[in-house]
Number of protein chains: 2
Amino acid sequence: MNTIHNAGKKAIGSRLRLLTAKVTENAAEIYKLYKIDFSPKWFPVFFVLSEEGKKTITQLANEIQHSQPSVTKIVKELATAGLVKLNLETTDKRKNMVSLTKKGEKTAVLLEDQYQDVEIAIENMIEASTHNIWEAIKEWEFLLEQKSLLDRVKELKKIRESKNVQIVPYEAKYKTVFRTLNEEWITSYFEMEEADHKALKNPKEYILDPGGKIFVALYKDEPLGVCALLKIDHSVYDFELAKMAVSPKAQGKNIGYLLGKAIVEAAKNEGASKLYLESNTILKPAIHLYQKLGFKKIIGLPTPYKRCNIQMELEIES
Amino acid sequence: MNTIHNAGKKAIGSRLRLLTAKVTENAAEIYKLYKIDFSPKWFPVFFVLSEEGKKTITQLANEIQHSQPSVTKIVKELATAGLVKLNLETTDKRKNMVSLTKKGEKTAVLLEDQYQDVEIAIENMIEASTHNIWEAIKEWEFLLEQKSLLDRVKELKKIRESKNVQIVPYEAKYKTVFRTLNEEWITSYFEMEEADHKALKNPKEYILDPGGKIFVALYKDEPLGVCALLKIDHSVYDFELAKMAVSPKAQGKNIGYLLGKAIVEAAKNEGASKLYLESNTILKPAIHLYQKLGFKKIIGLPTPYKRCNIQMELEIES
DNA sequence: CTAAAGTATATAACTAGTTATGTAAATATA
DNA sequence: TATATTTACATAACTAGTTATATACTTTAG
């Protein structure tokens, strides 16, 4: 019978929906009990108007956190029931100012007894429970305001998937992957340049032998990301981060960050105090990643790459 | 901005609705994040099927506490998406047996990571709060199962309204009320009889002077209910409860019960050990009230009233 | 064995919300 | 001051559920 009750907390959405439905259903009955011709869905709009006098449609929508069309509909129904009057004089003719009618105000008074009884009934239920649902709802509203459930799940996804990512040093068998992953992104945004061809065709000769490193990211044992640390001949920088490439199908798995971390660590082990890189501002996720790794923008160094329009450096703490 | 947040606990329905909407909205985004073509509303049905194999439409509806047409729709969508197969052979041709397809089972496996991340995200939120919403929801489900919110409110309404009801002894100024309230209900179900006319026209002579009592129920100072204690000449009974009448507009305010209690109390003060009454079984609320007061059905005493088809007595504890 | 009652499901119509869109009025900008 | 942009709202179309109802099949009772 109760498989769904064993579905665990991931089913909290379904559980909330069912509870909400039950409470709303009861609310409708309660209005009937008090012989007041009133629909539960009118409550938020009606309550705000009775507390605060007149309001425009949009103000009401913001206050009760419904969509504007929803409020438009509710106000229409309330007007038909004779509880509110609308189109009150405003200087701004777009606005539809709404307030309670005499009948509306009378209804508000009639509702007071009911409100009181319902309030007490709910308080009694809360008192009868060990976990306070009212406070819990308020806390969740706050927590979701701070960070959505989506963002929370995103973070956990990243952490979990990082565990499936292994950063390993370059081996000859990764030569093709190193070239194709880089070619993929370069050709989709720019054109391959002479320097690219050289380095990608002969990584050993152009990167490793001069004292550089290459790392490969394995996701569930499949090579889906690469990045190089180049030994460069420069007055300020000894090393450059370059040839970072992550397969589109592995996006969002934190692979770029893990590769970057590995490169920085390698540079540190080589005794570097600064790390240099070149990129292009249209590659927004990449720039964001570099910033996350601690790189800061610098200006005006010569570069062999046409596509480079931004240069960054990272001060390595030793 | 937040009038509605000051509306108090009576707005718990609205708050729950908003929270549910927010969570569901996030759920849809989360499925996208995991690149699984899946709608949140499919979850309960899909989950049950993946846990329990094959089920009929109705079995699914019961398990997930949706209506049967809702499940029919969801199953159709799942079938279109290729995740379930239906109309599996059963001996009973009315039944539509549903189970996951191979693709469905693969999807179930794919969903496992997501489920795990969501589960942890929610657990983290619960841990970050002082009031456990998950346990609170379960408690409310249980409490509402025990007694609906409607019933809880009903009880409180009765208690509150009892406080507005005052039971006072008969005075000459209540003569008209005593007659009209009784005439009202008698004529709407039966016909006035000779004994009625006498007692209602001359309550002093026919009821009070022989040693009886009349009580009047005032609701907010308005006389809306009456009841008489008749002194009778009988081998077993000395007193009879009679001429109980409550205005229809005062129904549900516990007035009948309060009048009855007052009459029983008066009989007790007069030293009565038993109290008698006559009624008719078509007056269901009245019979129910008498039972609530402790009266039990007895048989076969003579009566001057045609409309009497049931007789009851109450043993008064001294 | 047949008629009546009950069950399982599909379908239609409704409900309480949503997003998308068009229009008129107001405000900002060149 | 004319034009572009923004705002307020109504309306239409959609969504995820509901209740009501029709129909085919099964079970029960006579």
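The sequence lines fix the lettering, A, B, ..., with proteins before strands; numbering per chain opens at 1.
- A donor N or O paired with an acceptor N or O is found under 3.5 Å between the base of D:dT18 and the side-chain atoms of B:Lys73.
- In this structure, A:Gln59 atom CD and D:dC9 atom C1' are separated by 13 Å, rounded to whole Å.
- Atom NZ in B:Lys22 sits about 16 Å away from atom P in C:dG17, given to the nearest Å.
- Residue-to-nucleotide proximity on DNA chain D shows that, of A:Ile57 and B:Val71, the 5′-proximal contact is made by A:Ile57.
- Here D:dC9 presents its P atom at 14 Å from NZ of A:Lys76, a figure rounded to the nearest Å.
- Under the 4.0 Å criterion applied to side-chain N and carboxylate O atoms, B:Lys22 and A:Glu141 are not assigned as salt-bridge partners.
- Between the P atom of C:dG17 and the CZ atom of B:Arg15 lies a distance of 16 Å, rounded to the nearest Å.
- Per the geometry, CG belonging to B:Leu60 stands 13 Å off P belonging to C:dA8, to the nearest Å.
- The residue B:Thr20 sits apart from the nucleic acid: no heavy atom pair falls under 4.0 Å.
- Counting heavy atoms from C-beta outward, A:Arg160 and B:Asp113 have side chains that approach closer than 4.5 Å.
- Note: CG (B:Asn96) to C1' (C:dT11) measures 14 Å, nearest angstrom.
- Checked by distance alone, B:Arg94 brings no side-chain donor or acceptor within 3.5 Å of a matching partner on the base of D:dT26.
- For B:Gln68 against C:dA10, a side-chain N or O and a base N or O form a donor-acceptor pair under 3.5 Å.
- Contact of B:Lys93 with C:dT9 (side chain to base): no donor-acceptor pair of N or O atoms is detected under 3.5 Å.
- A:Arg17 has no side-chain polar atom (N or O) that falls below the 4.0 Å cut-off from OP1 or OP2 of D:dA16.
- Distance, A:His66 NE2 to D:dC9 P: 17 Å, rounded to whole Å.
- A:Thr56 comes within 4.0 angstrom of sugar-phosphate atoms only, judged by non-hydrogen atoms across all strands, and of no base.
- OP1 and OP2 of C:dA26 both lie 4.0 Å or more from every side-chain N or O belonging to A:Lys95.
- In this structure, the ring of A:Tyr115 has its center no less than 6.0 angstrom from the ring center of A:Tyr34.
- Taking a cutoff of 4.0 Å between a charged side-chain nitrogen and a carboxylate oxygen, B:Lys55 and B:Glu52 qualify as a salt bridge.
- Between B:Asp92 and B:Leu18, the one whose closest nucleotide on DNA chain C sits nearer the 5' end is B:Asp92.
- Taking the six-membered ring for Trp and the full ring otherwise, the centers of B:Phe38 and B:Trp42 sit less than 6.0 Å from each other.
- Note that A:Arg15 lies in the cation-pi zone of B:Trp134, set by a 6.0 Å cut-off to the ring centre and a 45° limit from the axis.
- Contact annotation: A:Ser70 side-chain N/O to C:dT18 OP1/OP2 distance is under 4.0 Å.
- A sub-4.0 Å separation between OP1 or OP2 of D:dA8 and a side-chain N or O of A:Thr58 is absent.
- Computed from coordinates, the B:Lys55 NZ to C:dA8 P distance equals 14 Å when rounded to whole Å.
- Comparing A:Glu77 and B:Pro69, the nucleotide of DNA chain C nearest to each residue sits closer to the 5' end for B:Pro69.
- Distances shorter than 4.0 Å separate some side-chain N or O of A:Thr72 from OP1 or OP2 on D:dA10.
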